[in-house]
There are 2 protein chains.
Amino acid sequence: MPRTANTYDTFTAIAEPKRRELIEKLIGGELSVGQLVEITSWSQPMVSKHLSVLKEASLVSERKEGRQRFYRVNANELKPIQIWVRQFEKYWNTQFDQLDEYLSKLQK
Amino acid sequence: MPRTANTYDTFTAIAEPKRRELIEKLIGGELSVGQLVEITSWSQPMVSKHLSVLKEASLVSERKEGRQRFYRVNANELKPIQIWVRQFEKYWNTQFDQLDEYLSKLQK
DNA sequence: TTTACACATTCCTATATAGGAATATAATAA
DNA sequence: TTATTATATTCCTATATAGGAATGTGTAAA
């Protein structure tokens, strides 16, 4: 079985690099699908499908205007990630971690 | 094609709930595989395999002692996540977001 | 009322896993 | 040595997608 989740949660949604890229493009404000297609030079269905996943995870919202659809980020939905990571903040830059990182880099 | 990444990056590694759980168990300090098996009541191969993915993503480190292996979190490796999410912090709790969240909750 | 446009959805396929069962490996104990 | 313990790895299967191609849907323009 692959990832067991049947529906997209926030963590899974942003695990896909292309979806993170889409979210980043939307930082500046809402954009239409066509604009995203142009900016990314991905196929239109590809953009739409990734947006659909992001929407299912509530990470973006949609606004219809004529035949265009404008998407924008729901930044608040990223809070759970922040909260989860925050637990580990106090352990950053400990001696052990510095050493680990050093050894890890060294191996490559 | 599923997730295109051939190797585990940090985002993909923590997308799996069980792996987040393992990381959380390791906050308090290093634990052996056996201890993790007991704490989680998952099968031993399951624990080992998830640990292996976390190790590949450098999220944990291993220390051998006799026939046991103790794992600990490399908290520093979570920084990229924090950094990525931080971009969106300033957009938290905007009016749009509040509304989105409200509508999203309402729909469920 | 057709045509063109913007976008979503469906159908298909290839592939990366998550999990279970069985087995391998390495270290200690007998 | 041989047995036991702790853990990793392999083999297998089921399944969730990511991507491409084709098609559907709704809106506006001609």
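Per chain, numbering begins at 1; letters A, B, ... match sequence-line order.
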Quickly work out the [X] [atom1] to [N] [atom2] distance and round it to whole Å.
X       : N      : atom1 : atom2 : answer
A/Glu62 : D/dT27 : CD    : P     : 12 Å
A/Arg63 : C/dA8  : CZ    : P     : 14 Å
A/Glu38 : C/dA6  : CD    : C1'   : 14 Å
B/Glu16 : D/dT15 : CD    : C1'   : 14 Å
A/Glu30 : C/dC7  : CD    : P     : 12 Å
B/Glu56 : C/dA16 : CD    : C1'   : 12 Å
A/Lys55 : C/dT9  : NZ    : P     : 6 Å
A/Leu22 : D/dG19 : CG    : P     : 11 Å

Ranking B/Pro45 and B/Val53 by the position along DNA chain C of their nearest nucleotide, the one closer to 5' is B/Val53
Could you say whether A/Ser43 or A/Arg67 is positioned toward the 5' end of DNA chain D, judged by the nucleotide with the nearest heavy atom to each? A/Ser43
Heavy atoms from C-beta onward define the side chain here; which of C/dC7, D/dT7, C/dA21 lies closest to that of B/Ser48?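 Of C/dC7, D/dT7, C/dA21, D/dT7 is nearest to the side chain of B/Ser48.
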Looking only at side-chain atoms of A/Met46, point me to the closest of C/dG19, D/dT7, D/dG19.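 So the side chain of A/Met46 is nearest to D/dG19.
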Would you tell me if any nitrogen or oxygen in the side chain of [X] comes within less than 4.0 Å of OP1 or OP2 on [N]?
X       : N      : answer
A/Lys49 : D/dG20 : no
B/Lys64 : C/dA26 : no
A/Tyr71 : C/dA6  : no

Is a donor-acceptor pair below 3.5 Å formed from side chain B/Gln44 to base D/dA8, judging by atom type as modelled?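 Checked by distance alone, the answer is yes.
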N/O donor-acceptor pair, side chain B/Arg69 with base D/dT7, under 3.5 angstrom: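 No such pair is found, so the answer is no.
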Transitively linked via ILVMFWY side-chain contacts under 4.5 Å: A/Val73 with B/Trp92? yes
Gap between atom CG of B/Leu51 and atom CZ of B/Arg69 - 0.5 Å precision: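 The distance works out to 10.5 Å.
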Kindly compute the distance separating CD (B/Gln35) from NZ (B/Lys25), expressed to the nearest 0.5 Å.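 B/Gln35 atom CD to B/Lys25 atom NZ measures 13.0 Å (nearest 0.5 Å).
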Which part of the nucleic acid does B/Ser52 contact within heavy-atom distance under 4.0 Å: base, sugar-phosphate only, or nothing? nothing
Does any N or O in the side chain of B/Thr12 come within less than 3.5 Å of the main-chain N or O of B/Tyr8, such that one atom is a donor and the other an acceptor? no
For a quick check under 3.5 Å, do A/Asn74 and A/Ser61 share a side-chain donor-acceptor pair by atom type? yes
